[in-house]
Participant: 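Got a structure for you, written out below as C-alpha cells; questions coming shortly.
Protein chains get the first letters and strands the later ones, always in sequence-line order, with residue 1 at the start of each. For clarity, every value in this text was computed on a predicted model and none was experimentally measured.
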Amino acid sequence: MREKELRRSRSVFPIGTVMTLTDLSARQIRYYEEQDLIHPERNEGNRRMFSLNDIDVLLEIKDYLADGINMAGIKQIYTLKKEESETKKQKEHQMITDEDVRRILHTEFLSVSGLMSKEPTQYIDSKDLF
DNA sequence: TTTCTGACA
DNA sequence: TGTCAGAA
C-alpha cells in the first residue's frame, strides 16, 4: 500500500493545472505554500510541481475557507494533524477523529465570531483530546 | 507562454 | 488577495 502513497506524492502538475483543478489563484496557492500547508517540489527551472496530495490539501483548504475558517484556523488544523502523526509513532495509534475536527472548527468559529475570549493553542494541549 | 519573486496606487 | 514589473 506504499506504492499508492508514493504515486500520490509524486509531483507532476505545474501551477497552471492546479489552478484550474482547484479554482484557486496562483497567488493563493503560493501563499498557502508560504504557510507550510503544502510543499510542492521544484523542477529544474524553479517551477513548482504539485502532487495529488498537494491538490487534495488545496481542495480541503478551499472547503475550510468556504466555511469561513481563517488561515490561522486552517494552519492549526494541519499543525494538529502533523503533531498527531508524529505522536502516532510514539503512542502507536490515536487519530484525530472527524469529531475532533468538528470541535476544533467550532472553537475556531467561536473565536472568529468574537464569542469567545480565545486562546487558539489551547486544545493543542491534547490532554482532553484523547 | 508560463511561472517566479517582490512589492504596493 | 489582486496585480504589475522584470527575469528565466
Participant: For the backbone of R103(A) and the side chain of T107(A), can you confirm whether one donor and one acceptor N or O come within less than 3.5 Å of each other?
Facilitator: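 Checked: pair present.
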Participant: With E5(A), which residues qualify under side chain to side chain contact (heavy atoms under 4.5 Å, CB included), at least two apart?
Facilitator: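 E5(A): side chain to side chain contact (heavy atoms under 4.5 Å, CB included) contacts with S9(A), N53(A).
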Participant: Look only at the side chain of S51(A) and the backbone of R10(A), and say whether a donor-acceptor pair between them is shorter than 3.5 Å.
Facilitator: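 Side chain of S51(A) to backbone of R10(A): no pair is present.
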Participant: For R48(A), what residues pass the side chain to side chain contact (heavy atoms under 4.5 Å, CB included) criterion, not counting sequence neighbours?
Facilitator: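 Here the qualifying residues are R30(A), E33(A), P40(A), R42(A), F50(A).
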Participant: Would you give me the side-chain donor-acceptor pairs under 3.5 Å for residues 60-69 of chain A, sequence neighbours excluded?
Facilitator:
unit_1 : atom_1 : unit_2 : atom_2 : d
E60(A) : OE1    : Y78(A) : OH     : 2.8
E60(A) : OE1    : K81(A) : NZ     : 3.4
K62(A) : NZ     : T22(A) : O      : 3.4

Participant: How about Q28(A) and S25(A): does a side-chain donor come under 3.5 Å of a side-chain acceptor?
Facilitator: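 On atom types as modelled, these side chains qualify, holding a pair under 3.5 Å.
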Participant: Below 3.5 Å between N/O atoms, which protein atoms pair up with nucleotides 4-9 of chain B? Just atom names and distances, please.
Facilitator:
unit_1 : atom_1 : unit_2 : atom_2 : d
dC4(B) : OP1    : R48(A) : N      : 2.9
dC4(B) : OP1    : R48(A) : NE     : 2.9
dC4(B) : OP2    : R30(A) : NE     : 3.0
dC4(B) : OP2    : R30(A) : NH2    : 2.7
dC4(B) : O3'    : N46(A) : ND2    : 3.4
dT5(B) : OP1    : R42(A) : NH1    : 3.2
dT5(B) : OP1    : R42(A) : NH2    : 3.0
dT5(B) : OP2    : R48(A) : NH1    : 3.4
dT5(B) : OP2    : R48(A) : NH2    : 2.2

Participant: Stems in DNA chain B: runs of 3 or more consecutive Watson-Crick or G-U pairs, distances under 3.5 Å?
Facilitator: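 The stems that DNA chain B takes part in, listed by first number, are B:2-8 with C:2-8.
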Participant: From the 5' end of DNA chain C to its 3' end, which nucleotides mark the outer limits of contact with chain A, defined by a 4.0 Å heavy-atom distance cut-off (strictly under)?
Facilitator: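 Listing 5' to 3', DNA chain C meets chain A from dT1(C) to dA8(C).
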Participant: Kindly indicate, with the supporting measurements, whether the criterion side-chain contact (heavy atoms from CB on, under 4.5 Å) is fulfilled by M19(A) and I29(A).
Facilitator: CA-CA 8 Å; M19(A) 285 173 70; I29(A) 297 173; 3.8 Å; yes
Participant: Tell me, do L37(A) and K75(A) make a side-chain contact under 4.5 Å, heavy atoms counted?
Facilitator: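 SC-SC contact between L37(A) and K75(A) confirmed.
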Participant: Between L58(A) and V18(A), does the side-chain contact (heavy atoms from CB on, under 4.5 Å) criterion hold? Intermediate values first, please.
Facilitator: CA-CA 9 Å; L58(A) 254 14; V18(A) 180; 3.6 Å; yes
Participant: Could you grab the distance from atom CD1 of I74(A) to atom CG of L105(A), nearest 0.5 Å is fine?
Facilitator: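 So the gap between those two atoms works out to 9.5 Å.
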